[in-house]
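Working notes, beginning with the structure itself.
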Amino acid sequence: MQNTATPTHCPYCALQCGMNLTPVEGGTVEVSERTDFPVNRGALCGKGRTAPAVLSSGVRLTSPLVRSGEGVLVPASWEEALGRIAANLSGTRAEHGADALGVFGGGGLTNEKAYALGKFARVVLGTSQIDYNGRFCMSSAAAAGTKAFGLDRGLPFPLEDIPRTGCVILVGSNPAETMPPSLRYFTELRENGGTLIVVDPRRTRTAEQADLHLAPRPGTDLALALGMLHLVVAEGRVDAEYVEERTSGWEDARAAAMAHWPEYVERITGVSVPELREAVRLFCAPDAAMVLTARGPEQQAKGTDTVGAWINLCLATGRAGRPLSGYGCLTGQGNGQGGREHGQKADQLPGYRKLTDPAARRHVARVWGVDPDSLPGPGRSAYELLDALGTDIRSLLVMGSNPVVSAPRAAHVEGRLRSLDFLAVCDVVLSETAALADVVLPVTQWAEETGTTTSLEGRVLLRRRAITPPDGIRSDLEVLHELAGRLGVEKGFPTEPEEVFEELRRASAGGPADYSGIDYRRLAEENGVFWPCPAPEETDCGGADRHPGTPRLFLDRFATDDGRARFAPVSHRPSAEEPDDAYPVLLTTGRVVAQYQSGAQTRRVDELNAAAPGPFVELHPRLAARLGAAEGDPVAVVSRRGRAVAPARITTAIRPDTVFMPFHWPGEGRANTLTNPALDPTSRMPEFKVCAVRVEPVTP
Ligand code: SF4
């Protein structure tokens with residue numbers, strides 16, 4: 001057992017906090033402070049501190065499982081399990097064609113795994129049907145960012161810029177619960193004299209720290225942004241010189257905003273005109289300001305337009321592509337950023353290249369040693385892929401995702417998974433999705449393997465192996481290598497992460513997310529490198545002239561063809577489901593500090609379960625009184641898609657017309673039983689954040 005501490009990063013969210021891991025008895029590790037990593041400076045939330053609990057035997061899978069003739073999962077050898085997967089995938093392909101095979105990845109997979117999974121789908125299986133759960137996370141911000149700036153990187157500046165700007169508008173983001181160590185950036189902003197505006201239907205722990213909290217009705221933040229832009233124009237606060245020199249499309253965006261006069265916006269959003277005016281004053285007063293969005297505005301059927309409206313506000317006031325100013329998205333999952341750059345997304349090739357771009361296909365095909373014409377085209381988005389299970393898609397390989405809990409309209413998705421001819425799942429624990437599988441493969445996790453992730457800042461980081469995995473467990477890369485071999489592709493799927501990264505560098509070279517100037521040695525030396533980071537020569541990133549990386553984007557020009565940022569001519573429209581007599585209340589969903597995403601890992605940690613033992617329905621005292629519900633009483637929330645039951649949590653922190661449920665749990669309190677899979681037309685993001693429900697008392 002090695003006794004020295006290994007510097008690495010947290011397995012959970014996109015902040016990717018630095019931590020040290022020291023092996024201890026029992027095959028697990030001890031977490032200690034790692035102060036040399038500047039993002040969290042040693043601070044960790046409870047999830048990061050307790051992450052080693054998921055390494056323990058008894059919690060995790062240690063043997064492959066196959067479904068027996070009696071329909072139960074039983075331990076099996078790797079030979080049998082891999083053989084069964086390969087036989088089923090090739091059988092399905094022979095009978096129904098390559099697109100009858102689906103692959104579903106995850107935003108927690110390392111860059112190397114995401115890259116290898118995308119290559120496996122397209123080269124080995126020949127299917128176009130691959131997407132991942134990151135689609136449910138940040139795809140609207142990615143689509144809007146790409147439209148406006150020509151490039152999507154969650155934050156185009158490091159977090160360290162936040163305390164030095166003048167004002168930050170946080171839209172639909174609750175870092176006090178989702179990534180607590182990041183809260184210090186906003187605290188320091190206020191200590192430095194800056195102001196914080198929080199836009200959220202709930203008075204969250206983050207909103208409590210704001211100088212101004214705007215609580216719009218769920219699904220109306222697009223109108224809110226347009227109302228603010230209207231006032232910017234009406235009050236003469238447009239930065240005309242900046243708009244003229246650095247943007248295009250202003251007149252159409254201006255006309256759309258002018259149709260959203262403040263009183264109209266007040267009626268739509270419930271945010272008063274004086275509050276709107278105050279927000280505009282605070283945002284425009286300092287020389288520099290930022291807008292940061294998260295899942296609130298993004299997880300809507302109009303998420304791309306909503307983010308576009310907030311970007312418009314930045315552009316009209318000259319607050320993008322300038323020091324200490326800009327628009328950014330606070331990405332959620334651990335590798336939500338890198339996971340969308342290297343090929344597990346339905347429409348992308350490594351390096352954030354487009355699958356429909358002939359030059360991109362040629363470049364990546366050359367690296368992969370295949371004919372460009374053999375690469376499939378774009379496939380279905382995540383929800384559409386899940387919705388096609390059992391019909392067009394007959395067999396599915398899932399890696400690092402738990403859609404039974406995390407997908408919208410989850411009962412329907414669970415039914416689609418059950419209707420498959422064959423389901424294989426690679427995971428560290430028997431998640432709710434793995435429990436439905438025909439074959440489950442136990443794989444290594446964060447402390448047991450090396451690999452890279454890309455944080456919400458666009459900083460590529462090296463996670464290092466700190467302990468040896470238990471016997472009987474293999475890495476995802478080994479799984480793909482073994483399956484590729486059994487499916488007739490002997491080469492091209494190395495099992496060493498660094499070897500995969502070297503290939504990823506070549507595949508990404510010249511692309512928007514260019515990693516070619518980054519290697520493991522640099523990552524270890526420099527505490528991460530911001531992409532794009534091209535190599536001086538394709539295969540050599542060493543030497544004095546190596547590219548320094550790009551912490552700040554767009555300072556000289558945007559990544560569009562003409563170098564100008566593009567305004568989005570967007571208008572308010574209602575949510576896909578508005579309240580009516582049958583479903584008169586709005587539901588919004590989100591996270592709690594002690595659980596993470598579908599809870600597959602964190603629900604196995606005693607300390608976290610003690611802090612957040614189960615789902616709840618947050619509702620206003622007025623709504624509770626109408627129902628006759630007291631604190632802790634079970635209440636049912638019913639939407640057009642199903643019914644969920646959880647204890648009432650009564651608080652004035654939520655609007656009277658809205659209820660909130662966290663989405664980490666399966667079973668009768670599963671929030672995603674209720675959510676609406678209406679999709680954004682551009683990003684294909686489901687409308688997790690708003691749907692119409694009724695709330696009913698539950699008679700014991
Ligand atoms: Fe891990 Fe995120 Fe918590 Fe940091 S904030 S310790 S990265 S879960």
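Counting starts at 1 for both ligands and their atoms, in listed order. As the structure is a prediction and not an experimental result, all values here were calculated from the model.
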Any N/O/S atom, side chain or main chain, of Cys10 closer to atom 1 (Fe) of ligand 1 than 2.8 Å? yes
Nearest protein heavy atom to atom 7 (S) of ligand 1, by residue and atom, and its distance? Cys17 N, 3.3 Å
According to the interplanar angle, ranging from 0 to 90°, do the rings of Phe136 and Phe104 count as parallel (below 30°), tilted (30 to 60°) or perpendicular (above 60°)? tilted
The answer for which part of Met19 has a heavy atom under 4.0 Å from ligand 1 is neither
Around atom 3 (Fe) of ligand 1, find the nearest protein heavy atom and jot down its residue, atom name and distance. Cys45 SG, 2.3 Å
Atom indices of ligand 1, in the order listed, that fall short of 4.0 Å to a heavy atom of Tyr12: 8 (S)
Just jot down the ligand 1 atoms closer than 4.0 angstrom to any heavy atom of Met179, in number order. 5 (S)
What I want to check is whether the side chains of Gln597 and Ser406 have a donor and an acceptor closer together than 3.5 Å. no
Give the residue, atom name and distance (to 0.1 Å) of the protein heavy atom nearest atom 2 (Fe) of ligand 1. Cys13 SG, 2.3 Å
Would Arg670 and Glu432 pass as an ion pair if we require N to O under 4.0 Å? no
Distance under 4.0 Å to a non-hydrogen atom of Gly48: what atoms of ligand 1 satisfy this? 6 (S)
Thinking salt bridges, do Asp131 and Arg684 make one under a 4.0 Å N-O criterion? no
Check whether NZ of the Lys or CZ of the Arg Arg319 lies under 6.0 Å from the centre of the six-membered ring of Phe283 and within 45 degrees of that ring's axis. yes
Is any side-chain N of the basic residue among Glu502 and Arg505 closer than 4.0 Å to the acidic one's carboxylate O? yes
Just which atoms of ligand 1 are under 4.0 Å from any heavy atom in Lys47? 8 (S)
Hey, what's the ring geometry for Tyr12 with Tyr596, parallel, tilted or perpendicular (30° and 60° as the breaks)? tilted
Atom 5 (S) of ligand 1: which protein heavy atom is closest, and how many Å away? Pro181 CD, 3.3 Å
